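Predicted model, so just to flag it, every value in this text is computed and none were measured. Computation of the quantities below employed the complete heavy-atom set of this structure, encompassing side-chain atoms and omitting hydrogens, waters and symmetry-equivalent molecules.
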Amino acid sequence: MNYLDELESEAVYVLREVYAQFDNPVILFSGGKDSIVVTHLAKKAFYPSRIPFPLLHIDTGHNFPETIAFRNDLASGLGCKLLVGSVQESIDKGRVVEEQGKLATRNALQTTTLLDTLEELRIDCAIGGGRRDEEKARAKERFFSHRDDFGQWDPKNQRPELWNVFNGRHFEGEHFRVFPISNWTEMDVWNYIKRENIAIPSLYYAHEREVVWRNGSWIPNSEYLVLDGNERIERKKVRFRTLGDITITGGILSEADTLEKIVDEVSVMKETERGNRADDKRSETAMEDRKRQGYF
């Protein structure tokens, strides 16, 4: 088989194992390319039936407008139930305290909202689009990643997965995060999107946008952006390799406005796609620290 067929087959198998082993799973949907690919794979895994999992989006309130519009259109087109956890509601209830200042972000606040939503809805499995090549902490994940009854992840206490035999047994209150495309690379994702002609948000294509140079990347201008005296807004042609909050997602200068050009551009990239995410630059172990607390 073509290597993309092998990766697809593996992911479809994982998704069907989720359906077989869990009572109330969801797909964690961010509107980014990886969660879009996972949703596409779920569509293929259960065709001609509808996807048997709702889509769950943790909405920080600081998303790109294009992401929210794409999310709504996709869920409507697939006939999927869309569940939304609101970080703003968590702030209003006093569950979390919003950061202040120039580098403030709601990214870390998502963890509390996610865990509260999973508990409220009694979700026993959250399917995500995490990949091992993205970041060193994600490289430690298994396909079936156990979370304790506090939603925490212990990388030293994960279950063996020999011969693709997955163990989803858990006690009441515990849950699993499952990553069907763990073995995919960024290049694999883009080649698959190109092969399957999967629709993606316009943010991934090069376009002109107001941005500011900060911390080694082009941060998009928005109502949430706080400038200091040395920063100025410029208009550049950029695209985004990964999508998060508009306050932390850095763009790259690019002319890649088609899938073919994106594939060519990614093929010569020497920096990981999360190299332009401000939330990952807060410390050497920023991602692992967040994951231990229950982050995606």
Side-chain angles (χ1 to χ4, degrees), residues 30-36 57-73 84 86-88 90-92 96-110 113 134-135 186 190 199-259 261-266 268-284 286-287 290 295-296:
S30 67
K33 67 183 185 308
D34 299 314
S35 61
I36 292 170
H57 180 224
I58 302 302
D59 185 0
T60 65
H62 288 178
N63 295 283
F64 286 90
E66 297 94 325
T67 302
I68 298 300
F70 185 91
R71 178 201 71 182
N72 295 339
D73 290 344
V84 179
S86 170
V87 171
Q88 184 61 54
S90 298
I91 295 171
D92 295 341
V96 292
V97 177
E98 187 158 19
E99 295 181 5
Q100 302 296 322
K102 170 186 170 182
L103 299 179
T105 170
R106 288 186 172 184
N107 189 61
L109 308 187
Q110 295 180 83
T113 306
E134 287 183 275
E135 204 274 342
E186 182 187 11
W190 282 116
I200 55 174
S202 59
L203 297 161
Y204 284 111
Y205 297 106
H207 58 287
E208 286 199 355
R209 196 180 194 103
E210 289 188 346
V211 291
V212 62
W213 182 252
R214 176 182 291 177
N215 202 16
S217 60
W218 293 101
I219 302 296
N221 187 23
S222 72
E223 60 184 298
Y224 314 111
L225 186 66
V226 179
L227 300 177
D228 64 27
N230 299 320
E231 294 177 328
R232 61 188 179 90
I233 300 297
E234 303 179 56
R235 193 162 187 85
K236 298 287 185 179
K237 192 171 186 179
V238 300
R239 75 174 193 86
F240 302 94
R241 293 175 69 190
T242 178
L243 298 184
D245 271 7
I246 197 170
T247 58
I248 59 173
T249 302
I252 60 171
L253 299 179
S254 174
E255 295 293 330
D257 53 6
T258 66
L259 284 176
K261 291 180 181 178
I262 290 175
V263 169
D264 290 342
E265 184 178 81
V266 171
V268 297
M269 288 289 186
K270 295 182 179 180
E271 185 180 45
T272 174
E273 65 195 280
R274 292 188 67 93
N276 287 322
R277 287 286 292 270
D279 49 330
D280 289 351
K281 297 180 180 181
R282 291 193 164 192
S283 73
E284 283 294 318
M287 172 64 82
R290 296 199 304 274
Y295 184 71
F296 305 122

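- The OG1 atom of T249 sits 9.0 Å away from the CG atom of L203 when rounded to the nearest 0.5 Å.
- Note on residues 219-255: pairs passing ring pair (Phe, Tyr, Trp, His ring centres under 6.0 Å), not counting sequence neighbours, are H62-Y224, F64-F240.
- Qualifying side chain to side chain contact (heavy atoms under 4.5 Å, CB included) partners for V226, counting only residues two or more places apart in sequence or in other chains: none.
- Taking both residues in full, the closest heavy atoms of E99 and T105 are given as OE1-N, 3.1 Å, listed atom of the first, atom of the second, then distance.
- Across every non-hydrogen atom of P201 and I36, the tightest pair is CD-CD1, 3.5 Å.
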**Study point:** Working for side-chain contact (heavy atoms from CB on, under 4.5 Å), residues R214 and L225
**Key:** CA-CA 11 Å; R214 176 182 291 177; L225 186 66; 3.6 Å; yes
**Study point:** Test side-chain contact (heavy atoms from CB on, under 4.5 Å) applied to L227 and I233, step by step
**Key:** CA-CA 9 Å; L227 300 177; I233 300 297; 4.0 Å; yes
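- What you find for R239 and W190 is that their closest heavy atoms are NH1-CZ2, 4.3 Å.
- You'll find the side chain of E265 stays beyond 4.5 Å of the side chain of I262, heavy atoms only.
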Practice item. Using the side-chain contact (heavy atoms from CB on, under 4.5 Å) rule, take R209 and W218 through it: C-alpha gap first, then chi angles, then the decisive distance, then the call. Key: CA-CA 10 Å; R209 196 180 194 103; W218 293 101; over 6 Å; no
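- Between S202 and H207, the shortest heavy-atom contact is O-ND1, 3.9 Å.
- To the nearest 0.5 Å, the span separating CD on E134 from CG on D34 amounts to 5.0 Å.
- Summarising the geometry, atom OG belonging to S30 is positioned 11.5 Å from atom CG belonging to D59; distances are rounded to the nearest 0.5 Å.
- R232 CZ: 12 or fewer foreign heavy atoms inside a 6.0 Å radius.
- Under the side chain to side chain contact (heavy atoms under 4.5 Å, CB included) criterion, T113 pairs with I58, V87, S90, T117, not counting sequence neighbours.
- For the pair K237 and D257, the minimum side-chain heavy-atom distance is below 4.5 Å.
- Test D245, T247, L243, I246 against N63 for side chain to side chain contact (heavy atoms under 4.5 Å, CB included) and you get one pass: D245.
- The two residues Q110 and N107 come nearest to each other via the heavy atoms NE2-OD1, 2.8 Å.
- Here the closest non-hydrogen pair linking T60 and R106 is O-NH1, 2.6 Å.
- Between K261 and E255, no side-chain nitrogen of the basic residue sits less than 4.0 Å from a carboxylate oxygen of the acidic one, so the salt-bridge criterion is not met.
- Distance check, rounded to the nearest 0.5 Å: CE of M269 to CD of E186 gives 7.5 Å.
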